[in-house]
Peer 1: 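Encoded as C-alpha cells, here's the structure I'll be asking about.
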Amino acid sequence: SLVPNVLYEEPMRFKIGTPDQFGEGAKFIEDKRVYVFRERNTFYAISAVCTHLGCTVKLQRLNQPKRVKVRGREFDEQAEFHCPCHGSKYHGDGTNYAGAAPRSLAYHRVEVSPDDGQLIVDLSQNVGQDFRLTV
C-alpha cells in the first residue's frame, strides 16, 4: 500500500509544432520514433518502429525514383524505410516488402490542437495508410 499503482510512461499524444514549422517531406521525431510527412497542405505520421523486433527504421532517400506497385496502386517512390537490425525493408508508404518484418509500418492519427493550432500525433490511434490531415 505504500507503493502507488502507477505506470510512468511517456504520453501517447503529444504536440510537435505548428504546420508552418514543417517543410515539404519528412521530419523525424527521434524521441517518439515517428516520421511526420508534409505534402503541400496535408500531413501524416508513420511509425519508425520495425514490425519485426522493434528496432528504429531509417528513411533512405533513393538516388533515382523508382516505380513500384503496392496493393494495386502504382507510384514513384523517392525513399524507402530500412531496418538496420535484421534487414527488413519497407516501401516509402510503409508497406513491407523484404526481410523478416511481418507487416507494414503503422500510421498514426494526426490532428490540430484547437487551443494553439499545433499538430498533435496520437501513437495510441492507428489509422489507415490513406489517412491525411489537411490544414
Side-chain angles (χ1 to χ4, degrees):
S1 67
L2 295 176
V3 179
N5 188 13
V6 177
L7 292 175
Y8 297 100
E9 296 179 348
E10 291 286 322
M12 298 298 281
R13 283 174 48 99
F14 50 90
K15 293 180 179 181
I16 57 172
T18 57
D20 61 342
Q21 294 176 315
F22 289 81
E24 283 286 316
K27 181 176 181 179
F28 182 52
I29 313 294
E30 187 174 355
D31 61 328
K32 303 298 184 180
R33 298 194 327 162
V34 67
Y35 287 94
V36 177
F37 291 85
R38 179 180 189 163
E39 294 174 353
R40 292 183 289 283
N41 63 340
T42 63
F43 293 85
Y44 59 99
I46 300 178
S47 173
V49 179
C50 181
T51 60
H52 177 228
L53 291 176
C55 294
T56 302
V57 299
K58 307 295 181 204
L59 185 64
Q60 301 289 317
R61 302 272 177 220
L62 300 176
N63 292 333
Q64 296 180 7
K66 71 177 182 181
R67 192 85 174 149
V68 296
K69 185 173 184 177
V70 179
R71 296 185 201 140
R73 185 176 65 97
E74 281 192 39
F75 59 94
D76 289 324
E77 186 169 71
Q78 305 288 333
E80 295 180 337
F81 296 99
H82 294 183
C83 181
C85 297
H86 301 104
S88 293
K89 294 183 180 182
Y90 303 84
H91 290 296
D93 71 345
T95 303
N96 57 318
Y97 75 90
R103 61 189 175 282
S104 300
L105 296 172
Y107 275 60
H108 299 296
R109 176 168 297 289
V110 180
E111 55 194 65
V112 176
S113 173
D115 57 335
D116 60 5
Q118 290 193 56
L119 296 173
I120 298 173
V121 176
D122 189 346
L123 299 180
S124 68
Q125 288 191 24
N126 290 351
V127 294
Q129 284 187 340
D130 59 343
F131 174 85
R132 300 290 185 271
L133 170 70
T134 303
V135 294

Peer 1: Tell me the closest heavy-atom pair linking R61 and A79, and the distance in Å.
Peer 2: NH1-CB, 3.9 Å
Peer 1: So does A101 get a backbone contact from the side chain of S88, meaning a donor-acceptor N/O pair under 3.5 Å?
Peer 2: yes
Peer 1: By side chain to side chain donor-acceptor pair (under 3.5 Å), which residues pair with D76, not counting sequence neighbours?
Peer 2: R67
Peer 1: What residues form a side chain to side chain donor-acceptor pair (under 3.5 Å) with R38, not counting sequence neighbours?
Peer 2: none
Peer 1: Could you list all the salt bridge (Lys or Arg N to Asp or Glu O under 4.0 Å) pairs where at least one residue sits in residues 94-103, not counting sequence neighbours?
Peer 2: none
Peer 1: Using the six-membered ring wherever Trp is involved, compare the ring planes of F22 and F43 and label them parallel, tilted or perpendicular (cut-offs 30° and 60°).
Peer 2: perpendicular
Peer 1: Would you please indicate if the ring centroids of F131 and Y107 are separated by under 6.0 Å?
Peer 2: no
Peer 1: Keeping Q21 on the side-chain end and T18 on the backbone end, is there a donor-acceptor pair under 3.5 Å?
Peer 2: yes
Peer 1: Nearest 0.5 Å please: distance from the CG atom of L62 over to the CD atom of Q78.
Peer 2: 7.5 Å
Peer 1: Per the disulfide bond (SG atoms under 2.5 Å apart) rule, what does the pair list look like for residues 87-135, sequence neighbours excluded?
Peer 2: none
Peer 1: Taking only residues two or more places apart in sequence, or in another chain, which ones meet T56 in a side chain to side chain donor-acceptor pair (under 3.5 Å)?
Peer 2: R33
Peer 1: Taking the side chain as every heavy atom from C-beta outward, state whether V121 and I29 have any pair of such atoms under 4.5 Å apart.
Peer 2: no
Peer 1: With sequence neighbours excluded, what pairs up with E77 under the salt bridge (charged side-chain N to carboxylate O under 4.0 Å, His left out) test?
Peer 2: none
Peer 1: Is any side-chain heavy atom of E111 less than 4.5 Å from a side-chain heavy atom of R13?
Peer 2: yes
Peer 1: Going by atom types alone, do T134 and R40 pair a side-chain donor with an acceptor below 3.5 Å?
Peer 2: no
Peer 1: What verdict does the side chain to side chain donor-acceptor pair (under 3.5 Å) test give for Y44 and E39, after you've listed the backbone C-alpha separation in whole Å, the side-chain angles of each residue and the deciding distance to 0.1 Å?
Peer 2: CA-CA 9 Å; Y44 59 99; E39 294 174 353; 3.0 Å; yes
Peer 1: Any salt bridge (Lys or Arg N to Asp or Glu O under 4.0 Å) pairs touching residues 14-30, not counting sequence neighbours?
Peer 2: K15-D115, K15-D116
Peer 1: Does one hydrophobic cluster hold both V70 and I46, with members joined at side-chain heavy-atom distances below 4.5 Å?
Peer 2: no
Peer 1: Do M12 and V49 land in one hydrophobic cluster if side-chain heavy atoms of ILVMFWY residues count as linked below 4.5 Å?
Peer 2: no
Peer 1: How many angstroms lie between atom OG of S113 and atom CD1 of I16, to the nearest 0.5 angstrom?
Peer 2: 12.0 Å
Peer 1: Which value, rounded to the nearest 0.5 Å, describes the distance between S47 atom OG and N126 atom CG?
Peer 2: 8.0 Å
Peer 1: Tell me the disulfide bond (SG atoms under 2.5 Å apart) pairs involving residues 73-135, sequence neighbours left out?
Peer 2: C55-C85
Peer 1: Could you name each residue pair satisfying ring pair (Phe, Tyr, Trp, His ring centres under 6.0 Å) that touches residues 45-89, not counting sequence neighbours?
Peer 2: Y35-F81, H52-H86
Peer 1: For residues 91-102, pull every pair meeting salt bridge (Lys or Arg N to Asp or Glu O under 4.0 Å), keeping only residues two or more places apart or in separate chains.
Peer 2: R73-D93
Peer 1: Quick one: pull up NE2 in H91 and OH in Y97 and give me the separation to the nearest 0.5 Å.
Peer 2: 6.0 Å
Peer 1: When Y90 is tested against each of N96, T51, T95 for side-chain hydrogen bond (donor to acceptor under 3.5 Å, both in side chains), which residue passes?
Peer 2: T51
Peer 1: Suppose the criterion is disulfide bond (SG atoms under 2.5 Å apart): which pairs have a residue in residues 102-135, not counting sequence neighbours?
Peer 2: none
Peer 1: For a side chain to side chain contact (heavy atoms under 4.5 Å, CB included) check, start with the C-alpha distance between F28 and L59, then their side-chain angles and the critical distance, and finish with the verdict.
Peer 2: CA-CA 9 Å; F28 182 52; L59 185 64; over 6 Å; no
Peer 1: For residues L119 and L133, determine if any side-chain heavy atom of one lies less than 4.5 Å from a side-chain heavy atom of the other.
Peer 2: yes
Peer 1: Between D122 and H108, is any side-chain donor less than 3.5 angstrom from a side-chain acceptor?
Peer 2: no
Peer 1: State, yes or no, whether a side-chain contact exists between I120 and V110 at a heavy-atom distance under 4.5 Å.
Peer 2: no
Peer 1: Return the set of residues passing side chain to side chain donor-acceptor pair (under 3.5 Å) with K66 (not counting sequence neighbours), or none when no residue passes.
Peer 2: E80
